[in-house]
There are 2 protein chains.
Amino acid sequence: MTTPSLDREVEKRLHGHDVRYTKGRRMVVSALVGADGPKSAAELYAEIGPGVPLSSLYRTLTVLEEAGIVVPHLGARGLTRYELAEWITGHHHHLICVQCGQVEDVAIPQPQEAQVRELVEDIGSLVAFTPMGHALEIEGRCAACT
Amino acid sequence: MTTPSLDREVEKRLHGHDVRYTKGRRMVVSALVGADGPKSAAELYAEIGPGVPLSSLYRTLTVLEEAGIVVPHLGARGLTRYELAEWITGHHHHLICVQCGQVEDVAIPQPQEAQVRELVEDIGSLVAFTPMGHALEIEGRCAACT
DNA sequence: TTCCTTGCAAACGATTTGCATTGGA
DNA sequence: TCCAATGCAAATCGTTTGCAAGGAA
């Protein structure tokens, strides 16, 4: 589920952080590439299997986050899910099901995205705060839970 | 830090859920009224003091959430912060400091808010998802961390 | 009296870490 | 060779819960 070019880029980033792109880490990246939204360590463990124990998954996710390859997303009941950073997936937002907790990525049309970006900049200039990023989190019911 | 009218409304809601508006619960509501953003159980405990033990704080927050008086906000490292529901505070968004983790409320001008609301509706009609609410989370650096 | 509420301590679940072992450049 | 990476188990940390005591209607 990984493309060679992405793999090379990830490897380069990891090398820049003096860490190796090992088999276990490749499996995690690959699982995230195939995902349609953020995944928790437990979800990845279920998908990848016991070949990569939970503690290694957590360590891998930490390393990937430090290298800017994945980004955490905080979910209900203290669950942290990770997804590939936006330089890989492209900028997007989240649909969060209030019933089952699943999170799905959604990209919004360019003009609207520009609106949002502008809005965020405006807010930053009004208050003492320097915006660096934004996320529109939409809560509701997913197709399966309707 | 609480107004009599708010207190009465809260009491009414709690009664509707067959729970009492006790001293401990009043202290939590009062602390939240005086807050400028979501607060975690630990933060409330630090402010209110050991008069209300952590376990009671958690129970109180759960009760208040079920009664629609507070709403959870998920923060880094599995921390859940609570704030008063929007029928009390008014609709608003969050400024999240990437450095210190503090969350601050911010309201955006009505026309822009309408834009966002419309955008969310549009997305809902494009994908199989029924939007019920939205939150624009703006990450950046707060005044103290700049 | 009758439930709701509280406090304490024990239990939980997600995540982190110590340490000895393995593995890649 | 040498240091990063791994696996396991134990430890942490925020949060939840069982249970007996306290309190309001």
Side-chain angles (χ1 to χ4, degrees), chain A residues 7-8 10-31 38-67 69-83 101 103, chain B residues 7 10-29 31 38-67 69-82 101-103:
Chain A
D7 242 42
R8 235 177 294 119
V10 168
E11 185 159 26
K12 192 172 13 162
R13 289 223 175 194
L14 288 179
H15 278 174
H17 283 252
D18 293 314
V19 293
R20 298 168 191 153
Y21 194 20
T22 61
K23 174 142 69 165
R25 289 172 183 174
R26 281 171 200 277
M27 293 173 79
V28 173
V29 170
S30 173
K39 296 297 172 209
S40 69
E43 288 164 344
L44 291 169
Y45 182 73
E47 185 179 332
I48 296 177
V52 182
L54 268 177
S55 64
S56 294
L57 274 179
Y58 281 111
R59 276 196 270 235
T60 292
L61 290 168
T62 302
V63 165
L64 292 176
E65 183 185 354
E66 285 168 350
I69 293 158
V70 303
V71 150
H73 182 262
L74 315 160
R77 281 217 334 272
L79 249 185
T80 303
R81 287 179 236 250
Y82 289 84
E83 65 180 338
V103 181
Chain B
D7 242 40
V10 167
E11 185 160 27
K12 192 172 11 160
R13 288 223 174 194
L14 288 179
H15 280 173
H17 283 253
D18 293 313
V19 292
R20 296 167 193 155
Y21 194 20
T22 61
K23 174 141 72 164
R25 289 171 184 172
R26 281 172 200 277
M27 293 174 78
V28 173
V29 169
K39 296 297 172 209
S40 68
E43 288 164 344
L44 290 170
Y45 182 74
E47 185 178 332
I48 296 177
V52 181
L54 267 177
S55 64
S56 295
L57 274 179
Y58 281 112
R59 275 195 270 235
T60 292
L61 291 168
T62 301
V63 166
L64 293 176
E65 184 185 354
E66 285 168 351
I69 294 158
V70 303
V71 150
H73 182 263
L74 314 161
R77 282 221 323 274
L79 250 185
T80 303
R81 286 180 235 251
Y82 289 84
Q102 274 296 108
V103 181

Taking all non-hydrogen atoms of both residues into account, name the closest pair between [X] and [Y] and its distance.
X	Y	answer
A/Pro53	A/Tyr45	CA-CE1, 4.0 Å
A/Arg25	A/Arg20	NH1-O, 2.8 Å
B/Val103	B/Pro38	CG1-CD, 3.6 Å
B/Pro72	B/Thr80	CB-CG2, 3.9 Å
B/Gly24	B/Val52	CA-CG2, 4.2 Å

When you get a sec, tell me which of D/dA5, D/dT6, D/dT15 is the closest nucleotide to the side chain of A/Ser56?
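It is D/dT6.
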
Could you please name the option among D/dG14, C/dT6, D/dA5 that lies closest to any side-chain atom of B/Leu79?
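Nearest nucleotide to the side chain: D/dG14.
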
In this structure, how many angstroms lie between the [atom2] atom of [N] and the [atom1] atom of [X], rounded?
X	N	atom1	atom2	value
B/Ile48	C/dT6	CD1	P	12 Å
A/His15	D/dC3	NE2	P	17 Å
A/Met27	D/dG7	CE	P	10 Å
A/Arg26	D/dA4	CZ	P	19 Å
B/Leu57	D/dT17	CG	P	16 Å
B/Leu61	D/dT16	CG	C1'	13 Å
A/Leu64	D/dA5	CG	C1'	13 Å
A/Asp18	C/dG24	CG	P	18 Å

Looking for any heavy atom pair under 4.0 Å, which part of the strands does [X] touch: base, sugar-phosphate only, or nothing?
X	result
A/Val63	nothing
A/Gly75	nothing
B/Ser40	nothing

Please step through side-chain contact (heavy atoms from CB on, under 4.5 Å) for the pair B/Ile69 and B/Leu14, ending with a clear verdict.
CA-CA 9 Å; B/Ile69 294 158; B/Leu14 288 179; 3.7 Å; yes

Quick test: give all pairs of protein nitrogen or oxygen and nucleotides 21-25 of chain D nitrogen or oxygen below 3.5 Å, distance rounded to 0.1 Å.
unit_1 : atom_1 : unit_2  : atom_2 : d
D/dG23 : N2     : B/Arg20 : NH1    : 3.3

Reported OG1-to-CG distance for the pair A/Thr60 and A/Leu54, which is rounded to 0.5 angstrom
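The distance works out to 11.0 Å.
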
Nearest 0.5 Å, please: how far is CG in A/Leu61 from NZ in A/Lys39?
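Between atom NZ of A/Lys39 and atom CG of A/Leu61 there are 13.0 Å.
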
Are B/Val29 and B/Tyr21 close enough, and set up right, to give a side-chain contact (heavy atoms from CB on, under 4.5 Å), and what steps lead you there?
CA-CA 10 Å; B/Val29 169; B/Tyr21 194 20; 3.5 Å; yes

Output a table of nitrogen or oxygen pairs between the protein and nucleotides 8-13 of chain C separated by less than 3.5 Å.
unit_1 : atom_1 : unit_2  : atom_2 : d
C/dC8  : N4     : B/Arg59 : NH2    : 3.1

Could you tell me whether the phosphate oxygens of C/dT16, OP1 or OP2, come under 4.0 Å of any side-chain nitrogen or oxygen in A/Tyr58?
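Checking C/dT16 against A/Tyr58, no side-chain N or O comes under 4.0 Å of OP1 or OP2.
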
